[in-house]
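Inspection log for the structure reproduced underneath, given as structure tokens.
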Protein chains: 2
Amino acid sequence: MTLNVRLDPVDLDILRVLQNDARTSNKELAAAVGVAPSTCLDRVNRLREAGVILGQDLRVDAAKLGRPLEAFLSVRVQPHRRPLVDPFVEHVLAQPETRALYHLTGPDDFLVHVAARSAADLQRLVLDEFTARTEVALVHTNLIFQHWRGGPLLP
Amino acid sequence: MTLNVRLDPVDLDILRVLQNDARTSNKELAAAVGVAPSTCLDRVNRLREAGVILGQDLRVDAAKLGRPLEAFLSVRVQPHRRPLVDPFVEHVLAQPETRALYHLTGPDDFLVHVAARSAADLQRLVLDEFTARTEVALVHTNLIFQHWRGGPLLP
DNA sequence: AGTGAAACGAACCCTTG
DNA sequence: CAAGGGTTCGTTTCACT
């Protein structure tokens, strides 16, 4: 977990290729960035040890898994103190519908990305798992029509 | 791209393990779900062909890549018609700061997840790349204090 | 559709430039 | 820090159940 990491052009190339497909083999990767496979493996391991590479996520089709309705819930928690906030975070992460949770600045403190089985499931989630909690002051629901991933993240 | 996919308990186990670490080797995966490696490989390939598995993302530390400031931008586009919306989407995705873009229901039509080098970079992004555009009626900026990933997505 | 063995290819380690 | 070569390990194929 080195804090200051120096990244040369080869490292950046590696990160670019792996962000495109995290399952690229070391051999392919080495050829793509123009170094020997042994060197390339070393670079990737260093990036892992340095904490630049945190892991690799599987991208799945939520609709094909029976969750065709995705939404963002904006949640205002009041009063906004740790003894109330921490259990709220735990409860949100325990829901099978939760894909991601963000703590934000602004009046609506939390943003929750959820994937629901149906409108009824989403309604149950909002009413029973969010607004029913005493620390939750307000919930806004916005459906996701479509989403796009950005390009590779680089300095 | 079969539309209706039947997923048995082994498939669900596979998806659970791979969502935890998409780089799990086929041998490990087979042992974890209790089938032979050859069978396991077949299952994973089927899940790919069926479009359940879409790909695998590299999780990187944005701060270590020189982008320590993450934020959500809520953007209202007006008037909300395709000839204006499509170029807007292209422009957002062309920004190196963009991590993800969502088209939502509600008055603020778009939500943009961005990672900026600094407050000045974020300000430039908002002023020059968003509010400067004629189709952008309003931008709200909310910094991300902290974020959490949800558990594996399953039916 | 699942298995086990056998052939192939990649990853890893260590030594050298 | 990069490269080459040898060993180890994993992946992939295939005949069989």
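Values below: every heavy atom of this structure, side chains too, minus hydrogens, waters and symmetry copies. Per chain, numbering begins at 1; letters A, B, ... match sequence-line order.
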Verify side-chain hydrogen bond (donor to acceptor under 3.5 Å, both in side chains) between A/D21 and B/Q56, making sure each step is shown before the conclusion. CA-CA 6 Å; A/D21 181 3; B/Q56 39 281 322; 2.8 Å; yes
B/R43 side chain near C/dG2 phosphate (N/O to OP1/OP2, under 4.0 Å): yes
Test salt bridge (charged side-chain N to carboxylate O under 4.0 Å, His left out) applied to A/D57 and B/R59, step by step: CA-CA 7 Å; A/D57 290 344; B/R59 204 142 33 85; 3.0 Å; yes
I'd like to know whether B/H103 forms a ring-ring contact (aromatic ring centres under 6.0 Å, His included) with B/H80, so could you lay out the CA-CA distance, the side-chain angles of the two residues, the decisive distance to 0.1 Å, and finally the verdict. CA-CA 11 Å; B/H103 186 194; B/H80 200 194; 5.2 Å; yes
SB check B/E97 B/R124 (cutoff 4.0 Å): yes
Using the heavy-atom set of chain A and a strict 4.0 Å cut-off, write down the first and last nucleotide of DNA chain D that makes it in, 5' to 3'. D/dC1 to D/dG4
Pairs under 3.5 angstrom, nitrogen or oxygen only, protein versus nucleotides 4-6 of chain C, please.
residue, atom, partner, partner atom, Å
C/dG4, O6, B/S38, OG, 3.1

Find out if a path of hydrophobic residues (ILVMFWY) with successive side-chain heavy-atom gaps under 4.5 Å connects B/L69 to B/F130. yes
May I ask you to list the residues of residues 11-31 of chain B, by number, that have any heavy atom positioned under 4.0 Å from an atom of DNA chain D? B/S25, B/N26, B/K27
To the nearest 0.5 Å, how far apart are CD in A/E135 and CG in A/D109? 11.0 Å
Indicate the atoms forming the closest heavy-atom contact of B/P152 with B/R16, along with that distance. CG-CG, 3.8 Å
Would you please indicate yes or no on a ring centroid separation below 6.0 angstrom for B/F145 and A/Y102? no
Nearest whole angstrom, please: distance from the P of C/dC14 to the CG of A/D42. 13 Å
According to a 4.5 Å side-chain heavy-atom criterion applied to Ile, Leu, Val, Met, Phe, Trp and Tyr, with indirect links allowed, do A/L154 and A/L29 form part of one hydrophobic cluster? yes
Could you tell me the separation between the NE2 atom of A/H147 and the CG atom of B/L104, rounded to the nearest 0.5 Å? 11.5 Å
